[in-house]
Amino acid sequence: MGAASKWIWEPGRAWIEATNVQRFLRRLGLAEREEFLEFSRNEPERFWDAMVRETGIEWFEPYSKVLDDSRGPEWCRWFEGGKLNIAHNCLDRHRLSPRPAIIWERESGESGEVSFAELYETANRLAAFLTANGLKAGDRVALVMPMVPEIAAILYACLKLGLIVVPVFAGFGAAAIASRLADSGARVVFTADCTERRGKRVAIAEKVEQARAKAPGVERVVVYQYGGGGWGGLLEGMGPEPVTRAMESESAALLLYTSGTTGKPKGCVHTHAGALAQVAKEIWLGFDHKDEDRFFWLTDIGWMMGPWTILGNHNFGGTVVLYDGAPDYPGPERLWRVIERHGVTTFGVSPTAIRVLMKSGGADGYAMETLRLLGSTGEPWDETSYRWFFEQVGKRRCPVINISGGTEILGCFLMPLPIQPLKACTLGSPAPGMAVEVVDEAGKPVRGRQGYLVCTKPAPSMTRGVWGDAERYLEAYWSRYPGWWWHGDWASVDEDGCWFLHGRADESMNVSGRKVGPAEVEEALMECAGVTEAAVIGAPDEVKGEAIVCFVVMKPGARFDGEAIAKTVGEALGAAFRPRAVYEVGALPKTQSGKIVRRLIRARYLGEEPGDTSSVENPAALDAIRAREEAGR
């Protein structure tokens, strides 16, 4: 690759021929990547039928029809007549595998392995416990747990019985936990007494008990002793006999919550067939699963990437690495040591986490030779951070499989394939089987400029409504362009067919009649000396309609000069887009998955009612935003 190349990474012929996607493409009788993607979009029934066979998903009873769209695209049913169970595919059939199911490490440095056989026995005992407590198919069981291997045993125990799993971020406050427990109607909650962050004990069970008071449906809270003791005597006398039910394809398996722009969090309903088909496809094609892989995504079970990582890899009997702790404790090299210690081959992370780690320098002292692919999701990249990730962590040899979708689809709308060249920050192209498009206000496709990301055809993993609120589901996702899924992201496709994201469309700003997304302004801010993180919003302006307001986090010791930063942004984007104000803050408010909550920043800055703030991991940062605005009056 020449120094002047527009591509940051290009695959060689030997690499391409060794990938799963290339072999699949050939088996389908297709010659090129674009032909394959077109086939997957235009013939979804043929594609998904071939895909579930390719990923080896096993059925107790075969399906008779891939897709029933007789009720419209909003209410499709997939793999009609089929019966399966995620737990059978991801656990039972691998119980004799010699590979570890999980490699785990805690912040304290304690680590270990769990075999598929051990996981299988514990899951069966937990299933017996749940049965003894009267739970039946369709009941909800919540997980408010740290990222420990026991989460997989609970997950599979529930799925075996046809229970619906409700993962909840353990870092939430009691009110946020309560809202999810109450809305889901969870009967049982699994939690832990505590976890550890930055060397200090952080209580969890205490918050869950407080939340329980506002969730009358909760009958029992089961506490795992993180500090020692494990399950105690909970599983004594519980037989390990296999108890995996054959579930209808459309049976609900997971209830994942995502915060909306207004109102309470939305419960996204995912099925045994749809969820497994999607996550298995992405691990197999996008992340090119190999038997010897060790897959590590820095995540939490309460974020969709937690279940996605476990289920997607375990479908193939793959090994996942779980880390419970701060990513930069006791030092910024922590993750690089985890990668080297456990021989990680695939490492995924959010752009925000990389920006934090960038503050402390590079990863030059760590070769991380086992790494084969990098992954990222959560928000748009800026080029500086992306290149740091590619160069410092991937050593310029590992492609960045930068993906984007959402909790609502338990997967990706956009996903590079490891057989295509990549530009910095790109998401490659539409994921196989996902008929996405970039359109203008009138719904017409656009190229070379920003538009709205939509999906014009249904996919198996799309949520089966919003839990308990069908009208909210239709309004949120299907009302903007009838018959198309509205995802709410700004996107673009360049002259080479590379797809990019530019932030949420509902966070865009209209400055003097010109729309600009936050990502473009934030990228300019990241080029300013000393700036390590940035967020921008639009504020009402009598002259421009909206004016840009910026919030930046500075590197330790760096001098803040708001006027100089505003001037630099104006020079980079044009005078019309010069920020009206730039504020220095100690931290930006984010969700547990690392997404900056610009909607809430704007509401707090303008003194408006912010609505649901339960997903904010650091609410004090929101208070600081308001204080800055008041001080600047």
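- Note that CH2 of W303 and OG1 of T258 are 11.5 Å apart. Values are rounded to the nearest 0.5 Å.
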Exercise. Passes side chain to side chain donor-acceptor pair (under 3.5 Å), D49 versus Y63? Steps please.
Worked result: CA-CA 10 Å; D49 181 49; Y63 50 87; 2.4 Å; yes
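- The environment of E608 atom CD is dense: over 12 non-hydrogen atoms of other residues, nucleotides or ligands sit within 6.0 angstrom.
- Across M434 and C412, no two heavy atoms sit closer than the pair CG-O, 3.5 Å.
- Side-chain rings of W59 and F79 approach one another, their centers coming within less than 6.0 Å.
- K281 and Q278 share a donor-acceptor pair across their side chains, judged by distance under 3.5 Å alone.
- Counting only N and O atoms by type, the side chains of E250 and W78 include no donor and acceptor under 3.5 Å apart.
- By the salt bridge (Lys or Arg N to Asp or Glu O under 4.0 Å) test, R41 pairs with no residue at all, sequence neighbours left out.
- Proximity of a side-chain donor or acceptor of N618 to a complementary backbone N or O of A620 within less than 3.5 Å is not detected.
- Under a 3.5 Å cut-off, the side chain of E379 and the backbone N or O of S350 do not form any donor-acceptor pair.
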Problem set entry | Worked check of side-chain contact (heavy atoms from CB on, under 4.5 Å) between R180 and L256 | CA-CA 9 Å; R180 288 154 176 81; L256 306 178; over 6 Å; no
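- The distance from atom CG of L410 to atom OG1 of T463, rounded to the nearest 0.5 Å, is 10.0 Å.
- Rounding to the nearest 0.5 angstrom, the gap separating the CG atom in L600 from the CD1 atom in I625 is 10.5 Å.
- Looking only at side-chain heavy atoms (C-beta outward), P265 and S179 come within less than 4.5 Å of each other.
- Proximity of a side-chain donor or acceptor of N315 to a complementary backbone N or O of L276 within less than 3.5 Å is not detected.
- Checking T407, I164, T271, V165 one by one against L254, the side chain to side chain contact (heavy atoms under 4.5 Å, CB included) holds for a single residue, V165.
- The ring of W499 has its center no closer than 6.0 angstrom to the ring center of F413.
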For this session: Evaluate the criterion side-chain contact (heavy atoms from CB on, under 4.5 Å) for residue pair M509 and V521; output intermediate values, then yes/no.
Result: CA-CA 10 Å; M509 296 160 286; V521 182; 4.3 Å; yes
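- Contact record, A621 with L588: CB-C, 4.0 Å, taken as the closest heavy-atom pair.
- Between the side chain of T352 and the main chain of G594, a donor-acceptor pair closer than 3.5 Å is present.
- Side chains of F169 and I177 form no contact here, defined as non-hydrogen atoms less than 4.5 Å apart.
- Using a 4.5 Å heavy-atom threshold, the side chains of I403 and M415 count as touching.
- Considering only heavy atoms from C-beta on, Y386 comes within 4.5 Å of V400 through its side chain.
- In plain terms, the two heavy atoms of V536 and R598 that are nearest each other are O-CD, 3.8 Å.
- Side-chain atoms of V466 and D469, non-hydrogen and from C-beta on, do get closer than 4.5 Å to each other.
- Taking both residues in full, the closest heavy atoms of K83 and S249 are given as N-OG, 4.3 Å, listed atom of the first, atom of the second, then distance.
- Under the 3.5 Å distance criterion, the side-chain polar atoms of T426 are left unmatched by any main-chain donor or acceptor of K423.
- W467 pairs in a side chain to side chain contact (heavy atoms under 4.5 Å, CB included) with only one of the listed residues (R472, R140, K266), which is R140.
- A cation-pi arrangement is found for R480 relative to Y452, the charged atom lying closer than 6.0 Å to the ring centre and inside a 45° cone about the ring normal.
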For this session: Verify side-chain contact (heavy atoms from CB on, under 4.5 Å) between D489 and S404, making sure each step is shown before the conclusion.
Result: CA-CA 10 Å; D489 283 336; S404 181; 4.2 Å; yes
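- Proximity of a side-chain donor or acceptor of D69 to a complementary backbone N or O of P73 within less than 3.5 Å is not detected.
- Here the OG-CG distance, from S251 to L163, works out to 11.5 Å after rounding to the nearest 0.5 Å.
- A salt bridge links D623 to R604: one of the charged nitrogens lies within less than 4.0 Å of a carboxylate oxygen.
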For this session: Go through the steps to decide whether Y156 and H314 satisfy the test side chain to side chain donor-acceptor pair (under 3.5 Å), and finish with yes or no.
Result: CA-CA 11 Å; Y156 291 133; H314 280 178; 2.8 Å; yes
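- Within 6.0 Å of atom CD in E475, 12 or fewer heavy atoms from other residues, nucleotides or ligands are found, so the atom counts as exposed in its surroundings.
- The nearest pair of heavy atoms linking M247 to G162 is CE-CA, 3.6 Å.
- Counting only heavy atoms from C-beta outward, the side chains of L159 and H272 approach each other to under 4.5 Å.
- For the pair I301 and M147, the tightest heavy-atom approach, listed with the atom from each and the gap, is N-SD, 3.4 Å.
- Side-chain atoms of S385 and P351, non-hydrogen and from C-beta on, never get closer than 4.5 Å to each other.
- A salt bridge links E437 to R447: one of the charged nitrogens lies within less than 4.0 Å of a carboxylate oxygen.
- Outside the 6.0 Å centre-distance limit, the rings of F39 and F36 are not counted as a close aromatic pair.
- Between the side chains of W308 and E282, a donor-acceptor pair is found at a separation under 3.5 Å.
- Between W75 and Y473, the ring centre distance stays below 6.0 Å.
- Look at E80 and R77 and you find a salt bridge, because one of the NZ, NE, NH1 or NH2 atoms lies within 4.0 Å of a carboxylate O, short of that distance.
- When side chains are defined from C-beta on, D541 counts as touching R580, because their heavy atoms get closer than 4.5 Å.
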Problem set entry | Working for side-chain contact (heavy atoms from CB on, under 4.5 Å), residues E383 and E523 | CA-CA 7 Å; E383 187 165 344; E523 184 164 353; 3.5 Å; yes
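- Separation of the W486 and W478 ring centroids does not fall under the 6.0 Å cut-off.
- Counting only distance, with no hydrogens or angles, the side chain of Q420 and the backbone of L417 share a donor-acceptor pair below 3.5 Å.
- Contact check on E533 versus K590 returns a salt bridge, with a Lys/Arg side-chain nitrogen under 4.0 Å from an Asp/Glu carboxylate oxygen.
- Within the 3.5 Å criterion, the main-chain N or O of R245 finds a donor-acceptor partner in the side chain of N85.
- V141 pairs in a side chain to side chain contact (heavy atoms under 4.5 Å, CB included) with only one of the listed residues (L255, L135, V166), which is L135.
- In this pair, Y481 and W484 present their aromatic rings tilted. The plane angle is within the 30 to 60° band.
- Contact check on E617 versus K595 returns no salt bridge, with no Lys/Arg side-chain nitrogen under 4.0 Å from an Asp/Glu carboxylate oxygen.
- By the 4.0 Å N-to-carboxylate-O rule, E219 lies too far from R212 to be salt-bridged with it.
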For this session: Test R602 against E546 for salt bridge (Lys or Arg N to Asp or Glu O under 4.0 Å), laying out the working first.
Result: CA-CA 12 Å; R602 186 177 190 275; E546 276 192 300; 3.6 Å; yes
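- Between the side chain of D139 and the backbone N or O of K136 there is at least one donor-acceptor pair closer than 3.5 Å.
- Using a distance-only test at 3.5 Å, with no hydrogens or angles considered, a donor-acceptor pair links the side chain of S184 to the main chain of L181.
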